Amino acid sequence: MGGRSACSVGAKYSLNQLGNMCRVAKLCCHDLGITKKNMCIFEVDYLCNYKKIDDKEYYLVKWKGYPKSENTWEPRRNLRCAATLKQFHRDLEGELFRRSRRRPRVWPPRHLDAAILSFLEQKGEQRKALRRWEKELNLARAHKGSIAVENEVDLFWPPEDFTYINEYRVTEGITLDQVTTGCRCKNCLESPVNGCCPGTNLNRFAYNIQGQVRLEAGQPIYECNSHCLCDMQCANRVVQRGTYYNLCIFRTDNGRGWGVRTQEKIRCHTFVMEYVGEIITSEEAERRGRVYDRQGITYLFDLDYVEDVYTVDAAHFGNISHFINHSCCPNLQVYNVFVDNLDQRLPRIAFFATRTIRAGEELTFDYNMQGSPKKRVRIACKCGAEFCRKYLF
């Protein structure tokens, strides 16, 4: 009997499908949350058609957990999905306007042509994929700040072959030497012993009491490490606590692909996020770079704080910083940070706000920053800044 507990059998149906089967059979199920009150309530996946007959509106509904062959026409009064209805009409109006560059004379239109129906179905499937990806990203993140995903521009789905990670992924042949000692301060900011971790590395304390960086760009940040006596609320532990702000991955409308914007105000000089990915040698980076150049993309970030030996590649393994775009007038600045690894050839890359950033504003950094790690780019610039350099090298 002991051996059977380790066995597992793949489920034939998902929980949503089982719930729908209970509703069809009019069976209550406590474990699935099916009661007499909600037995007749089915979940709308998305809306894929619309018509108006004798001033009554009808919608073709794709039901969650059911194939498209089970789609049904429903009068508006049967639908309890205000947000989905609103989104459907935004999609419909936006696509009709894009095609004709003017609002239709009759609105809403009584019937939709095949091209519009194809768009609405693709948009519905895309939104499902984006919601699923958003959920996966938030399950994978180890930081407090949440991640939203939006695409109101085109029909692009989530990127393929991308895995969300929270820290460097070290490739074969590269070793991170871990620190063996830490500080003994009771209060690292107010009473640093021997200058705390920054002092023992002959550097200044990086932060003020609000966690804002007070060093000039180019100066290294030495945070307290796993051997220090202080806890995670120490004033000298900022980058290692992770992203605090709620951010959104969104599709840009000017050909720059995906971008990142903040969903809340970000204070000047505060930490925003880290740039993480695979740590590879510069020789491997050159090889990958030639491949990326042919594809017109690159996510290679040189760790050349003291010498150009290692590179971070965030093409397939990375965090939300993977989606940050370049600007010749950026609102983020790069800093080199050291925590548990003091090898100056392998700093952690941290982005801090150069100014107050408004909610809804896109986050950007200069791929060609001087005196900091540089993201390798061999493409034309599309940032649109007033003093854009036009090309990045």
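These figures come from a predicted structure and were not determined experimentally.
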Visitor: Is the shortest side-chain N to carboxylate O distance from R237 to E223 below 4.0 Å?
Guide: no
Visitor: If only side-chain N and O atoms count, and only distance matters, is there a donor-acceptor pair under 3.5 Å linking D302 with T311?
Guide: yes
Visitor: Whether the side chain of E264 engages the backbone of Y245 through a donor-acceptor N/O pair (distance < 3.5 Å, no angle test) should be reported.
Guide: no
Visitor: Taking only Lys NZ, Arg NE, NH1 and NH2, and the carboxylate oxygens of Asp or Glu, determine whether E284 and R287 approach each other closer than 4.0 Å.
Guide: yes
Visitor: Atom NZ of residue position K128 - does it have more than 12 heavy atoms of other residues, nucleotides or ligands inside 6.0 Å?
Guide: yes
Visitor: Inspect the contact between R261 and E150 and indicate whether a charged nitrogen and a carboxylate oxygen are less than 4.0 angstrom apart.
Guide: yes
Visitor: Quick check: F162 with Y299 (ring centres under 6.0 Å apart)?
Guide: no
Visitor: Can you tell which of R76, E74, K51 makes a side chain to side chain donor-acceptor pair (under 3.5 Å) with Y59?
Guide: R76
Visitor: So which atom in C197 and which in T200 form the shortest heavy-atom distance, rounded to 0.1 Å?
Guide: O-OG1, 2.9 Å
Visitor: Below 30° counts as parallel, above 60° as perpendicular, anything between as tilted: where do the rings of Y305 and F338 land?
Guide: tilted
Visitor: For the pair N325 (side chain) and G257 (backbone), establish whether a donor and an acceptor sit closer than 3.5 Å, ignoring hydrogens and angles.
Guide: no
Visitor: Compute whether any side-chain donor of one residue and acceptor of the other, for Q87 and D91, lie under 3.5 angstrom apart.
Guide: yes
Visitor: Is it true that R127 and E152 have a side-chain N and a carboxylate O under 4.0 angstrom from each other?
Guide: yes
Visitor: Cut-off 3.5 Å, no hydrogens considered: what does the side-chain donor-acceptor table look like for residues 172-183, sequence neighbours left out?
Guide:
none

Visitor: Could you tell me whether Y367 and F365 have their ring centroids closer than 6.0 angstrom?
Guide: yes
Visitor: Does a side-chain N-to-carboxylate-O contact under 4.0 Å join K68 and E121?
Guide: yes
Visitor: State yes or no: are the ring centers of Y335 and H269 separated by less than 6.0 Å?
Guide: no
Visitor: Taking NZ, NE, NH1 and NH2 as the nitrogens, is one of them in R345 or D343 under 4.0 Å from a carboxylate oxygen of the other?
Guide: yes
Visitor: Is N166 reaching over with its side chain to a backbone N or O of R141, donor-acceptor style, under 3.5 angstrom?
Guide: no
Visitor: Side chains of Y292 and D313: donor-acceptor distance under 3.5 Å anywhere?
Guide: yes
Visitor: Considering residues at least two apart in sequence or located in another chain, which fulfil the ring-ring contact (aromatic ring centres under 6.0 Å, His included) criterion with H143?
Guide: none
Visitor: Between Y244 and T270, is any side-chain donor less than 3.5 angstrom from a side-chain acceptor?
Guide: no
Visitor: How many angstroms lie between atom CG of D161 and atom OG1 of T163, to the nearest 0.5 angstrom?
Guide: 7.0 Å
Visitor: The test is side-chain hydrogen bond (donor to acceptor under 3.5 Å, both in side chains); show your working for D308 and S282 and say whether it passes.
Guide: CA-CA 7 Å; D308 190 1; S282 293; 3.1 Å; yes
Visitor: Give, for atom CG of N78 and atom OH of Y58, the distance between the pair rounded to the nearest 0.5 Å.
Guide: 9.5 Å
